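One structure is given below, encoded as structure tokens.
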Amino acid sequence: ERDTAIKANKRSFGMDHKLDIQAEIESDIGKEKMLEMVSCCLKVKVPSTSPLYALQCNVELRVTHQQGSRHDDLRSEKFAHMFARDNASIGQKGMPVLCNVRDGGKTNSNGRITYSGVLQYKNPLLCSIFARGVFFLFRWKVDGAKFPDVLDADDLFKRCTLRSAADEFSNVSYKASAEVMKRLYKEVGVYATKIM
């Protein structure tokens with residue numbers, strides 16, 4: 001029943017049964033406004049925001065929407081929490097999946113380790129993998145941050161995916177993320193009672 005509904009593009013079935021997160025990734029925002037927000041981030045046109053934070057905001061925007069990740073999990077994520085796996089059961093020849101480790105948050109009060117995975121999305125502008133790639137390239141190639149040392153466990157397990165303005169090893173604060181996101185929402189005319 002699930003496969004038939006998804007193949008027939010009956011996305012409401014998937015959403016009702018929590019089978020297809022990608023079905024309505026723009027719920028309550030709309031696809032046009034989401035594309036406008038992504039464009040603002042990629043063109044670094046988020047008011048009073050540095051290029052690094054505009055691109056980091058795009059990562060937060062896309063990962064929370066496309067992967068259904070909680071913002072708190074994303075803020076505490078380290079480089080060691082991301083890894084890629086090939087999944088032979090997807091498509092005719094298999095596909096790589098970007099996996100993420102999650103270990104807490106108010107919806108996981110017992111601290112169980114959970115994993116989520118995401119595939120490339122057909123529109124790169126809406127793809128959380130693309131958002132991460134653009135942000136990391138800017139961070140290392142343009143902003144001059146040191147590339148993580150994959151042979152140093154401390155580097156991988158302590159370096160934050162979303163960094164603070166202070167340094168690579170301090171995660172971005174809730175307040176800093178929320179302020180950038182509020183400026184982005186205001187810039188494109190999206191008004192929501194709760195942003196993060």
Side-chain angles (χ1 to χ4, degrees), residues 25 29 33-34 36-83 98-109 111 113-118 125-150 152-188 190 192-196:
I25 59 172
I29 293 173
K33 286 294 184 186
M34 180 57 76
E36 197 175 335
M37 287 195 290
V38 168
S39 179
C40 278
C41 291
L42 292 176
K43 292 178 180 177
V44 294
K45 302 277 186 199
V46 182
S48 303
T49 303
S50 71
L52 181 76
Y53 272 96
L55 295 174
Q56 184 164 284
C57 181
N58 190 46
V59 172
E60 295 177 78
L61 184 69
R62 295 312 313 143
V63 172
T64 55
H65 281 77
Q66 186 183 6
Q67 286 185 254
S69 293
R70 291 187 45 77
H71 188 263
D72 289 343
D73 282 334
L74 187 58
R75 283 189 319 104
S76 64
E77 183 180 82
K78 309 295 186 217
F79 273 90
H81 295 163
M82 291 184 297
F83 56 95
L98 177 63
C99 303
N100 305 92
V101 178
R102 304 285 184 246
D103 64 354
K106 68 181 181 184
T107 60
N108 184 12
S109 58
I113 300 294
T114 60
Y115 298 88
S116 70
V118 65
L125 295 177
L126 298 177
C127 180
S128 65
I129 297 171
F130 175 80
R132 284 178 187 265
V134 168
F135 170 59
F136 293 148
L137 281 173
F138 182 89
R139 185 168 162 179
W140 297 320
K141 290 295 188 181
V142 178
D143 209 42
K146 180 182 170 247
F147 189 82
D149 183 348
V150 297
D152 181 355
D154 278 348
D155 197 334
L156 287 181
F157 282 89
K158 292 181 180 176
R159 187 181 296 264
C160 300
T161 303
L162 301 182
R163 59 166 292 180
S164 73
D167 66 85
E168 291 278 309
F169 296 92
S170 300
N171 63 336
V172 65
S173 71
Y174 176 88
K175 183 179 178 185
S177 287
E179 288 304 316
V180 174
M181 197 68 73
K182 285 176 187 174
R183 290 195 294 271
L184 174 64
Y185 273 49
K186 186 176 179 184
E187 179 70 10
V188 299
V190 170
T193 55
K194 185 174 181 182
I195 292 175
M196 298 173 69

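The structure displayed is predicted, hence computed values, not measured ones. Note that these values count all heavy atoms, side chains included, but never hydrogens, waters or copies made by symmetry.
- Between Cys40 atom SG and Lys33 atom NZ the span is 9.5 Å, to the nearest 0.5 Å.
- With rounding to the nearest 0.5 Å, the separation of OG in Ser48 from CD in Glu187 is 9.5 Å.
- A distance of 12.5 Å separates NZ in Lys182 from SG in Cys57, rounded to the nearest 0.5 Å.
- Applying the salt bridge (Lys or Arg N to Asp or Glu O under 4.0 Å) test to Glu168 and every residue at least two apart in sequence or in another chain returns Arg139, Arg159, Arg163.
- Lys186 is linked by a salt bridge (Lys or Arg N to Asp or Glu O under 4.0 Å) to nothing, counting only residues two or more places apart in sequence or in another chain.
- To the nearest 0.5 Å, the span separating SG on Cys160 from CG on Asp167 amounts to 8.0 Å.
- Qualifying salt bridge (Lys or Arg N to Asp or Glu O under 4.0 Å) partners for Lys43, counting only residues two or more places apart in sequence or in other chains: none.
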Begin with the C-alpha distance, continue with both residues' side-chain angles, and end with the deciding distance and a verdict on side chain to side chain contact (heavy atoms under 4.5 Å, CB included) for Met37 and Asn58. CA-CA 8 Å; Met37 287 195 290; Asn58 190 46; over 6 Å; no

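- Heavy atoms only, all atoms of each residue included: Leu74 and Val59 are closest at CD2-O, 4.4 Å.
- Distance check, rounded to the nearest 0.5 Å: OG of Ser128 to CD of Glu60 gives 13.0 Å.
- The side-chain contact (heavy atoms from CB on, under 4.5 Å) search around Val134 returns Leu42, Leu55, Phe130, not counting sequence neighbours.
- Of all non-hydrogen atoms in Ser76 and Asn171, the two that sit nearest each other are CA-ND2, 4.1 Å.
- Phe136 is listed as a side-chain neighbour of Phe79, based on a closest heavy-atom distance under 4.5 Å.
- Without hydrogens or angle criteria, Arg75 side chain to Val172 main chain gives a donor-acceptor distance under 3.5 Å.
- Under the side chain to side chain donor-acceptor pair (under 3.5 Å) criterion, Thr64 pairs with no residue, sequence neighbours left out.
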Applying side chain to side chain contact (heavy atoms under 4.5 Å, CB included), run through Leu52 and Phe135 and close with a yes or a no. CA-CA 7 Å; Leu52 181 76; Phe135 170 59; 3.6 Å; yes

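- Residues that satisfy the side chain to side chain donor-acceptor pair (under 3.5 Å) test with Ser173, not counting sequence neighbours, are absent from this structure.
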When you look at Lys78 and Lys158, which way does the side chain to side chain contact (heavy atoms under 4.5 Å, CB included) test go after all the steps? CA-CA 6 Å; Lys78 309 295 186 217; Lys158 292 181 180 176; 5.7 Å; no

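- Applying the side-chain contact (heavy atoms from CB on, under 4.5 Å) test to Tyr115 and every residue at least two apart in sequence or in another chain returns Phe83, Val101, Ile113.
- The main-chain N or O of Pro148 is never found under 3.5 Å from a side-chain atom of Asp155 such that the two would form a donor-acceptor pair.
- The backbone N or O of Tyr174 sits nowhere less than 3.5 Å from a side-chain atom of Ser177 that would complete a donor-acceptor pair.
- Remark: the Arg183 side chain and the Thr49 side chain contain an N/O donor-acceptor pair separated by less than 3.5 Å.
- Side-chain rings of Phe157 and Phe169 stay apart, their centers remaining 6.0 Å or farther from each other.
- Ser164 pairs by the side-chain contact (heavy atoms from CB on, under 4.5 Å) definition with Tyr53, Ala166, Ser170, not counting sequence neighbours.
- Asp152 places a side-chain N or O within donor-acceptor distance of the main-chain N or O of Asp154, the cut-off being under 3.5 Å.
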Given side chain to side chain contact (heavy atoms under 4.5 Å, CB included), test Ile129 with Gln66 step by step and report yes or no. CA-CA 10 Å; Ile129 297 171; Gln66 186 183 6; 6.0 Å; no

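- Shown here are the side chain to side chain donor-acceptor pair (under 3.5 Å) partners of Glu77, two or more places apart in sequence or in another chain: Asn100, Arg102, Arg132, Thr161.
- For the atom pair CD (Glu36) and CG (Leu184), the distance works out to 9.0 Å, reported to the nearest 0.5 Å.
- Applying the side-chain contact (heavy atoms from CB on, under 4.5 Å) criterion to Pro51, with sequence neighbours excluded, gives Val44, Phe138.
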